[in-house]
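Input: a single structure, listed below in structure tokens.
Chain A is the first sequence line, chain B the second, and so forth, proteins listed ahead of strands; every chain is numbered from 1. Model, not experiment: these values are computed from the prediction.
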2 protein chains.
Amino acid sequence: MATKNNGQIDPKRRIFEAAAALFVNKGYSAIGVREIAKEAGVNIAMINYYFGGKSGILKDILEDAFGKYYHAQASAGDNSTPPEERVRNLVANVVQFFRENTTEALIFFNSAVLDIPELKGLKEKWSKMYSDLMLELFLQMGVELKDPVHASIYNGFLGGMIKNHFQYRYELEKNKKTAEACVEGDKKELKHIEFDDLFYQRYVDLLVHQYFHGVIYATQKDKMKYGPK
Amino acid sequence: MATKNNGQIDPKRRIFEAAAALFVNKGYSAIGVREIAKEAGVNIAMINYYFGGKSGILKDILEDAFGKYYHAQASAGDNSTPPEERVRNLVANVVQFFRENTTEALIFFNSAVLDIPELKGLKEKWSKMYSDLMLELFLQMGVELKDPVHASIYNGFLGGMIKNHFQYRYELEKNKKTAEACVEGDKKELKHIEFDDLFYQRYVDLLVHQYFHGVIYATQKDKMKYGPK
DNA sequence: TTTAATTAATCAAACGTTTGTATTATATCA
DNA sequence: TGATATAATACAAACGTTTGATTAATTAAA
């Protein structure tokens with residue numbers, strides 16, 4: 001499925017993408033099914049037909065996003081990979097994931113902090129999978145993630161930082177788009193940033209240093225001052 | 001105002017606090033005025049009477065939160081303060097701000113990523129104030145925040161990390177509360193974390209090292225590899 | 001000091017609109 | 001002809017807001 005039909009991609013895909021674009025901008029609860037249907041160019045009834053309801057779209061978006069996000073982190077290496085190389089793979093993979101799935105990723109991170117009853121079960125499963133992965137990874141760096149202070153800082157640390165950038169970038173490009181829709185005279189203030197491969201090469205480099213070096217340095221200092229374990 | 005009256009705090013304050021508690025849990029758009037009024041123990045009409053509408057409550061919450069957040073950062077020192085000391089003050093102040101205003105702070109950070117038309121003007125003002133402050137602060141550390149790569153990483157970096165922890169803590173304590181409401185036999189799995197002064201002393205220490213040391217190290221490495229400016 | 005006028009606070013009820021979903025009917029294609 | 005896909009419409013529930021009446025508190029005039 002999801003292929004062309006009558007010169008258009010299939011309706012299910014159109015609903016998915018229209019909903020994602022709206023959710024990421026205003027949030028799940030602020031968007032109505034009529035708005036989604038209009039944007040996707042389908043009848044309202046199609047949403048319940050394909051997704052079983054409004055929340056079905058969100059579920060699909062989030063399951064897709066988490067699957068990719070988890071894979072990006074799990075495939076960064078294993079215990080036989082040197083820690084610094086593993087961290088570099090990790091950062092590079094997560095950045096890649098965000099570049100390829102910006103909308104879904106932002107929805108995922110922004111929905112994670114909300115209490116949405118229909119998602120309770122899924123969220124618990126994701127949380128478990130994620131913390132198992134992190135525990136194992138940090139152990140290799142010599143960081144005891146079961147220490148509440150370390151856990152409080154490093155749980156979601158990397159993803160949070162990268163998410164921050166892509167949210168910032170999303171906002172930037174949204175404003176640029178609305179500004180371009182105005183009269184041309186107002187364009188002069190718009191500094192154009194090229195978010196290309198070169199940009200992300202430097203970005204990943206900087207982040208790896210900030211992350212890996214910072215973790216090693218900070219946790220060692222902590223051990224020296226407050227004693228081991 | 002906001003004092004005791006008939007043994008209860010005044011209705012405006014009750015609405016404010018009830019709304020904040022609901023907003024932080026499910027998000028602004030998912031909460032209705034009836035739910036707020038019920039939780040606050042007032043009549044629905046009181047919301048429009050005191051706040052001019054549902055969005056008026058959110059505005060008040062956010063303006064209050066930003067004011068305190070900005071002050072926490074602006075009062076960390078000036079150009080005559082040694083950088084490392086200034087960073088320590090900054091981290092300590094922001095952590096203090098979050099400890100004293102957890103609910104408002106989380107609402108502020110979570111609402112910042114949403115397009116809420118009524119808030120457009122306010123958000124632009126806040127963004128300007130914040131970036132002026134950061135530009136000046138990073139300059140003292142030798143970091144050129146106008147470089148898009150540096151800006152992409154360090155804009156909202158510190159606040160994002162700390163927000164992450166308090167969101168994590170909020171989630172933890174929410175789940176604990178609901179678990180305690182269950183039968184006693186299920187309590188055994190609940191590891192109790194004391195988020196006291198000692199905890200945050202270590203937390204601030206670790207964050208300062210992660211932050212300050214990481215920034216200096218990463219930006220220097222970046223300059224060496226990709227050249228200055 | 002009592003009475004009258006004014007303001008502030010609260011309430012139940014209803015406003016018109018929009019919400020997500022369900023039903024039913026009609027095309028489209030095998 | 002039977003299954004799949006699309007559409008128009010209906011529906012109860014919930015939405016944010018407004019209304020007009022009522023009470024309590026305050027101020028002004030007598």
Side-chain angles (χ1 to χ4, degrees), chain A residues 1-23 25-62 107 111 114-120, chain B residues 1-23 25-62 107 111 114-120:
Chain A
M1 295 296 153
T3 61
K4 283 205 164 192
N5 190 4
N6 297 339
Q8 281 186 314
I9 16 174
D10 74 310
K12 184 168 184 184
R13 188 76 217 160
R14 287 213 307 278
I15 293 171
F16 184 95
E17 283 171 2
L22 291 167
F23 289 167
N25 190 36
K26 297 200 166 195
Y28 171 71
S29 306
I31 298 297
V33 284
R34 282 161 185 83
E35 204 175 344
I36 299 171
K38 192 175 187 181
E39 192 68 20
V42 302
N43 189 275
I44 321 171
M46 296 291 90
I47 288 172
N48 284 277
Y49 180 75
Y50 284 114
F51 294 92
K54 182 189 163 190
S55 67
I57 314 176
L58 184 63
K59 265 188 202 164
D60 275 21
I61 293 174
L62 297 184
I107 295 172
S111 301
L114 296 179
D115 179 13
I116 303 172
E118 300 101 308
L119 265 46
K120 197 166 176 285
Chain B
M1 295 297 154
T3 61
K4 282 205 163 191
N5 189 5
N6 297 340
Q8 279 187 316
I9 28 172
D10 75 312
K12 184 168 185 186
R13 188 76 218 162
R14 287 213 307 279
I15 294 171
F16 184 95
E17 283 170 3
L22 292 166
F23 289 166
N25 191 36
K26 298 199 165 193
Y28 170 71
S29 306
I31 298 298
V33 285
R34 284 163 186 80
E35 204 174 345
I36 299 170
K38 193 175 186 179
E39 192 69 19
V42 302
N43 189 273
I44 319 172
M46 295 292 91
I47 288 172
N48 284 274
Y49 181 75
Y50 283 115
F51 294 92
K54 182 188 162 191
S55 67
I57 315 177
L58 183 64
K59 265 187 202 164
D60 275 21
I61 293 174
L62 298 183
I107 295 172
S111 301
L114 296 179
D115 180 12
I116 304 172
E118 301 100 308
L119 265 47
K120 198 167 174 282

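The residue Y50(A) sits close only to the backbone: its heavy atoms come under 4.0 Å of sugar-phosphate atoms, none of a base.
For the strand DNA chain D, secondary-structure stems (runs of at least three Watson-Crick or G-U pairs, all distances below 3.5 Å) span C:4-29 with D:2-27.
Of the inter-residue distances, the one linking I116(A) atom CD1 with L62(A) atom CG reads 7.5 Å to the nearest 0.5 angstrom. Between F16(A) atom CZ and I61(A) atom CD1 the span is 5.0 Å, to the nearest 0.5 Å. If you take NZ on K12(B) and CD1 on I57(B), they are separated by 10.5 Å, rounding to the nearest 0.5 Å.
Take E118(A) and apply the salt bridge (Lys or Arg N to Asp or Glu O under 4.0 Å) test, not counting sequence neighbours, and it matches no residue.
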Enumerate, atom names and distances included, each donor-acceptor pair closer than 3.5 Å involving a side-chain atom of residues 27-54 of chain A, sequence neighbours excluded.
residue	atom	partner	partner atom	Å
Y28(A)	OH	S55(A)	N	3.4
N43(A)	OD1	A45(A)	N	3.0
K54(A)	NZ	Y28(A)	O	3.1
K54(A)	NZ	I31(A)	O	2.9

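In this structure, L58(B) and I107(B) have side chains that are in contact, with non-hydrogen atoms separated by less than 4.5 Å.
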Sequence-aligned protein contact record of nucleotides 11-27 of chain C, with B where the base is within under 4.0 Å of a protein heavy atom and S where only the sugar-phosphate is = BB-B----BBB------
